[in-house]
Amino acid sequence: MSKKLHITEVVLRDANQSQIATRMARSDFADILETMDKAGYYSMEVWGGATFDSCLRYLDEDPWDRLRFIRSKVKNTKLQMLLRGQNILGYKHYSDDTVRAFVRKSVENGIDIIRIFDALNDPENMATAIDECLKAGAHAQGTICYTISPIHTFQSYVDLGKKLEKMGCNSICIKDMAGIMSPQMCYNIVSALKKDVNIPIYVHSHSTTGLGPLTLMKAAEAGADGIDTAISVFSGGTSHPSTETLVYSLHEMGFDTGVDLKVCKEINDFFKPVQEKFLKNGGLNPSVLETKIDALNYQIPGGMLSNLISQLTAVDKLDKLEEVLLETPKVREDLGYPPLVTPMSQMVGAQAVSNVLTGERYKSISKEVKAYFRGEYGTAPGPVNQEVAKKALGNEKRIEGRYAETIENEFPAAKAYLGDLAQSEEDVLSYIAFPQQAEAYLKERAEKKALKVAYTIKEAE
Ligand code: CO
């Protein structure tokens, strides 16, 4: 008898984010959504992560509108999003009322499954989002961010899995954002979780180091309930193992994914010219498609590596890359080994760049790193470097308890500030998450509307 295995197609969110810096516009995929709905995927990851920011900042799109549009075309397949727990989709911690409203509105606008993670694997930072997701009637997927460090033992992952189940999660995702989880490690973790927890286990990996497809194969063998893949034209490299390749192989091994390869071909054919366009306009740098084993040495996710390269290129210091790559794990150690995922990857990366370029370690400490030492991001996974902490904190004290509880409710003030610019609760949430970008977007929208009204009046005259 064949065993069921769920496939989550991630082309619209993570592949989009990992290969082309989340620049896929609604018009790039609008016409394929109805076909994607027929492919037999368990779910499609379409929202959250950097999509929200990118819609407002680069694409002149209302992210909520994008979600509603996708929902209107994808009627049967579950829609999934990635949420950074207490960070929602931003880069700092928000108040609990913001997190709750954001989760509730995400579900109201069409999300079925919320994958909730925290960059430090701190369950307290996921608790509010999980609770609200369950209240809203959606599927809460708790996340284990996989990383390699002296304190991230095999057992620590299993323990976190058990904790997430206790917190009420409907499933667990093992998130290997850097593509560094080896096939055997994946097999061991999934097998242990299958034994110790009773909720489904999903595995998310990237092809960066070339391990991805092997790791997903072992995930299936170990009894995982689902895996994440990307349609082949947007697969590989910093993106994910290819949907068609995995489905093809797994079918032969006796797994029933429910995915129809004929429909996949249609989807892939549709996305070929989209990829061509990004190759031509430079949005897709072919180097992200390479297999880069460096991540195994430096444990730097693909997205972070390309960020470091662009930061150094911007100041004409690309020759310092090797030094920065050696400095990054040291900064990470000083911070108590946070997994390198947003926002920790940016924080650690920027500090490493600064440590190298200023010629002195921690000569300048970013405000985010200071906030980290104050406890504004939660509990560090391991002990932090006390000397660096002292330097960062100065006379300030570390916050005791949960930082989010010290933040005042953000919604009322944001709503009052925006006045007529905000036409919905969603607008206010966009503003709280990305004040500058959202305000610019909302102003432009209001101007366009005013212009349209004026034009209509003139037409009528
Ligand atoms: Co990912």
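Quantities reported herein were computed from a predicted structural model and do not represent experimental measurements. Counting convention: from 1, in listed order, for ligands and their atoms alike.
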message: Determine whether E165 and K162 satisfy the following criterion, salt bridge (Lys or Arg N to Asp or Glu O under 4.0 Å), listing intermediate values before the conclusion.
response: CA-CA 5 Å; E165 182 182 35; K162 287 194 229 169; over 6 Å; no
query: Would you find more than 12 non-hydrogen atoms of other residues, nucleotides or ligands less than 6.0 Å from K135 atom NZ?
result: yes
- line: Among the N/O/S atoms of D14, the Co ion (ligand 1) lies closest to OD2
- prompt: Between F102 and F52, is the ring centre distance below 6.0 Å?
  reply: yes
message: Under 2.8 Å from the Co ion (ligand 1) - does any N, O or S atom of H240 fall there?
response: no
- prompt: With respect to the Co ion (ligand 1), what is the nearest N, O or S atom of H206?
  reply: NE2
- prompt: Does the side chain of T8 come under 3.5 Å of the side chain of S43 through a donor N or O and an acceptor N or O?
  reply: yes
